[in-house]
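Letters go in sequence order (proteins before strands), and every chain restarts at 1. Heavy-atom basis, side chains included; hydrogens, waters and symmetry copies ignored.
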Protein chains: 4
Amino acid sequence: MLAMSRRRTPLPPDRRRQLLLEAATWVFARKGYRAAAVSDIILRAEVARGTFYLYFASKQAVFLAVVQAFHDRIRQELQAMDAAPPGDAAGLKARLRDGVARWLRFFAEHRDETRVILREASSIDPRFEKGYAELRQTAVSHFAARYRRLQAARLVRGTLSPDLLAHLLLGMFDELLNAFVLSDPAADIEALAAELADFEWNGIAPDVEDRTRGPERTAP
Amino acid sequence: MLAMSRRRTPLPPDRRRQLLLEAATWVFARKGYRAAAVSDIILRAEVARGTFYLYFASKQAVFLAVVQAFHDRIRQELQAMDAAPPGDAAGLKARLRDGVARWLRFFAEHRDETRVILREASSIDPRFEKGYAELRQTAVSHFAARYRRLQAARLVRGTLSPDLLAHLLLGMFDELLNAFVLSDPAADIEALAAELADFEWNGIAPDVEDRTRGPERTAP
Amino acid sequence: MLAMSRRRTPLPPDRRRQLLLEAATWVFARKGYRAAAVSDIILRAEVARGTFYLYFASKQAVFLAVVQAFHDRIRQELQAMDAAPPGDAAGLKARLRDGVARWLRFFAEHRDETRVILREASSIDPRFEKGYAELRQTAVSHFAARYRRLQAARLVRGTLSPDLLAHLLLGMFDELLNAFVLSDPAADIEALAAELADFEWNGIAPDVEDRTRGPERTAP
Amino acid sequence: MLAMSRRRTPLPPDRRRQLLLEAATWVFARKGYRAAAVSDIILRAEVARGTFYLYFASKQAVFLAVVQAFHDRIRQELQAMDAAPPGDAAGLKARLRDGVARWLRFFAEHRDETRVILREASSIDPRFEKGYAELRQTAVSHFAARYRRLQAARLVRGTLSPDLLAHLLLGMFDELLNAFVLSDPAADIEALAAELADFEWNGIAPDVEDRTRGPERTAP
DNA sequence: GATGAATGAGAGTTCATTCAT
DNA sequence: TATGAATGAACTCTCATTCAT
């Protein structure tokens, strides 16, 4: 009569796992991997200590799960972006801008996970580095491929290395994300993207004589 | 086997402190602040536990010392770069390239410290964030000022935001550093810098008609 | 040899806390606050290191708990003693004696706690001094008030300072406690109390003829 | 020319030892045995770490030396008091008062050492208990002997136990010392001693008319 | 499934003591 | 005789993990 309760409503395992994953994401995002304690996670998930270990083998395991879930989301997004048609020079700069804005928005909407991925995965524990390196490589390859296509279509200078361009793009993107977007929810993403695209465009624009008619204009 | 150890090699305090600082840098670079243990540091420095605390009040204190020492070096370097004369458009791109190369080389030569700065400072522990933010801001201001001067001299497009440009430059720089230079001692820094400068130049080059006479100038 | 230990005996939290409190009291009583190690406490309580910190936030915290628990007991006892009726001169000396005996017995029954209170609180660490000073003051006030009542009833000389008397009484009491009661479980508390009360009442002045009718009697 | 100095003026060993002893007394008095660090002592004595161990084998050893030095002083004082002539009842109470005052003054003048003796020696570390117990016993014996002499001279009631009286006296004395004298340099020692002596002599029994011929007067 | 009391290795830090100079 | 850099055992406290219920 006293002991009658204590045990919690059993939940469908998938649901409970999901709750734990969300709690973990929230905690990792705010404290980082090492400072985050299992105690923090179970406190937020409102489950008992033991319950946590029913769903994840270790603290490391949840972190991996959190990271991988987000990696998957990013890869999805990456593939979704391939849907857009190549178009011609006329709309290219606008499309570059929209692409950047879309990415910035995506990460802004997943601030928490982004913090984890960018801060933790890029280091501290070598065990988590591999997954991040792979994701990064995927992104680089993706953008490099895009540059390559644009070069083939003569929409981008042919003398530039597509791989290196991809890296430079990622670098600029990271910086905007860290310096403006993640730290300020009210950041003007469209403006940032426009500036990046403008810079990117005039940097990658094909050679001079074509340019006299400028990229914005449609060729006659 | 037992007696062989238990060294006792008194060293001038400055020397010992330096050795500890180097050991700490090495450890922090590889493990990050939280994962790094004082045990790791004394193991590498080959001193007893107590010796460490003879020179640094706490783990936090060594970390700060490591970071500040490097921050100071960077600020020195930053000021040293102001010495270079402005020059004209003809040599600008080459100078941009050389500047980037110089920086890459500087960080490549301080691989360990760089890892600490880039990984920890970008955070995890809010106590260390401030110093990094300030340094970053110093760098941004520095480059923004340079862009402003170049704009005044009509060597850079006036429509670009100098501050944002500075951020983009830093982002690209970080990426090259992380993706190529820090991970590969044999990275071709000159080539990387040349590509970055090429990209940067064509992005920031003043408007078109001037460009026909532009720095590269096609031979007639 | 290895497997034999590693018990794991979950207990109701209140019970475990109590056990730890008792172990801590025992240890503090014998070693004093500073010399007592958490290791000593867990060894005696037969729990793991972590278990201790499950119930007390710090070594300081257990000590405070031990001290406060005992302070509370003493204050209770102090109030309980006010129940006794004032009575007349005839029974006063007997009542003084009984009061002292009761106190001695009380402390004899709480030997361990008493050692902690009397040794630590009287100092070493200023953080713990306040509580002791307050308790002591409570006791002084209590006894001073009693002397004042007795003076009003003309049962005690009016020229004496009640406060100072209270201090002197406490001093004698402490001494009996330390010199006889705490160190010897078989001490004859009744006899000690009788002697103290006799002295308290009559002082050391020789029996003059008037006094043969002694203090118990009222002068005719 | 740089290394010429560092070594300090060699001092006569006895003098240096004395300086260290004084520094140690000062430190122990303020921090207690455990909290006091050898560092504190050498800092105050302005000698190097190793020098300390040239004069004392260990921290424990200095403490013992400090304690014994003071014990010796006390025993000297104790013997000095035996010089006073017994006198008759007329001046006895005044002599009791003066004796108490003299002791209070003695300890007030050696506040530092007194703190060490009373706080540390009365415990914490069983190693130091013996010396204190012996000193205390010496004092008890001394005062008990005096009471015995006074009883023989019929100046003190014969029914009282001299030993117990000695303890009670010591207890009251300790209390005045702790509660008033040690904590307040401006304490009115004469008044305290007068009250103690008055109480010691007369107890708390009300003034009966017979007593008006009381102890101060010589019986007719 | 779910609980939470219990565990213990290991973290950062202190300090009495030693000994090469 | 005097120095002070060096030592390492011992301390308090943390937290990922286990398991009896």
Side-chain angles (χ1 to χ4, degrees), chain A residues 3 5-13 16 34-42 47-61, chain B residues 5-13 15-17 34-42 47-60, chain C residues 5-13 15-17 34-42 47-60, chain D residues 3 5-13 16 34-42 47-61:
Chain A
S5 135
R6 234 335 170 20
R7 300 198 142 56
R8 196 86 82 48
T9 321
L11 233 56
R16 176 123 300 164
R34 291 206 69 107
V38 172
S39 291
D40 298 324
I41 298 174
I42 63 170
V47 296
R49 211 158 207 78
T51 306
F52 173 86
Y53 286 91
L54 238 37
Y55 292 91
F56 298 98
S58 67
K59 179 184 163 184
Q60 196 190 141
Chain B
S5 60
R6 201 189 232 263
R7 298 163 315 87
R8 191 181 270 271
T9 318
L11 239 49
R15 180 91 191 90
R16 179 69 73 198
R17 199 190 129 93
R34 291 202 76 107
V38 172
S39 292
D40 299 323
I41 298 174
I42 63 171
V47 296
R49 208 156 208 72
T51 305
F52 173 85
Y53 287 94
L54 227 45
Y55 294 91
F56 299 98
S58 66
K59 178 183 161 186
Q60 196 190 141
Chain C
S5 60
R6 203 189 230 261
R7 299 162 318 86
R8 191 181 270 271
T9 317
L11 239 50
R15 180 94 190 88
R16 178 69 73 198
R17 199 190 128 93
R34 291 200 76 106
V38 172
S39 291
D40 298 324
I41 299 175
I42 63 172
V47 297
R49 208 155 210 75
T51 305
F52 172 86
Y53 287 94
L54 227 44
Y55 293 92
F56 299 99
S58 66
K59 178 183 161 184
Q60 194 189 145
Chain D
S5 138
R6 233 331 170 24
R7 300 198 141 57
R8 195 86 82 48
T9 321
L11 233 55
R16 176 123 301 161
R34 293 209 62 113
V38 172
S39 290
D40 298 324
I41 298 173
I42 63 170
V47 296
R49 215 162 203 75
T51 306
F52 172 86
Y53 286 92
L54 238 38
Y55 293 91
F56 298 99
S58 66
K59 178 184 162 183
Q60 197 191 141

_Spacing of B/Arg17 atom CZ and B/Phe52 atom CZ [to the nearest 0.5 Å]_ =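 One finds 10.5 Å between CZ of B/Arg17 and CZ of B/Phe52.
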*Would you give the length of the straight line joining atom CD1 of B/Ile41 to atom OG1 of B/Thr51, rounded to the nearest 0.5 angstrom?*
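Interatomic distance, B/Ile41 CD1 to B/Thr51 OG1, rounded to 0.5 Å: 13.0 Å.
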What is the distance, rounded to the nearest whole Å, between atom [atom1] of [X] and atom [atom2] of [N]?
| X | N | atom1 | atom2 | answer |
| --- | --- | --- | --- | --- |
| A/Ile41 | F/dT17 | CD1 | C1' | 13 Å |
| A/Asp40 | F/dT17 | CG | C1' | 16 Å |
| C/Arg15 | E/dG4 | CZ | P | 21 Å |
| A/Ile42 | F/dA16 | CD1 | P | 10 Å |
| A/Arg49 | E/dG4 | CZ | P | 11 Å |

By the 4.0 Å heavy-atom rule, please label [X] as base, sugar-phosphate, or nothing.
| X | value |
| --- | --- |
| B/Phe56 | nothing |
| D/Ala61 | nothing |
| A/Ala57 | nothing |
| B/Tyr55 | sugar-phosphate |

*Mapping C/Val38 and B/Leu11 onto DNA chain F by nearest heavy atom, which one lands closer to the 5' end?*
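Counting from the 5' end, the first nearest nucleotide belongs to B/Leu11.
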*Please tell me which of C/Pro10 and B/Pro10 maps to the more 5' nucleotide of DNA chain E, matching each residue to the nucleotide holding its nearest heavy atom.*
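Checking each residue's closest nucleotide, the 5'-ward one belongs to C/Pro10.
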*asked:* Let me spell it out: for each of C/Leu54 and B/Phe52, pick the nucleotide of DNA chain E with the closest heavy atom. Which residue's pick is nearer the 5' end?
replied: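 That would be C/Leu54.
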Counting only side-chain N and O atoms of [X], is one of them less than 4.0 Å from OP1 or OP2 of [N]?
| X | N | result |
| --- | --- | --- |
| B/Arg16 | F/dA6 | yes |
| C/Thr51 | E/dT7 | yes |
| B/Tyr53 | E/dT13 | yes |

*In dot-bracket, 5' to 3', how would DNA chain F read with Watson-Crick or G-U wobble pairs under 3.5 Å, [ ] for crossing ones and | for pairs to another strand?*
.||||||||||||||||||||
_Distance-minimising heavy-atom pair for B/Ser39 and B/Arg49_ =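 For B/Ser39 versus B/Arg49, the nearest heavy atoms are OG-NH2, 2.7 Å.
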*Candidate nucleotides F/dT17, F/dG4, F/dC13, ranked by approach to the side chain of C/Lys59 - the nearest*: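 Looking only at side-chain atoms, C/Lys59 lies closest to F/dC13.
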*Which value, in whole Å, describes the distance between the C1' atoms of nucleotides E/dG1 and F/dT21?*
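Result for the C1' pair: 13 Å, nearest Å.
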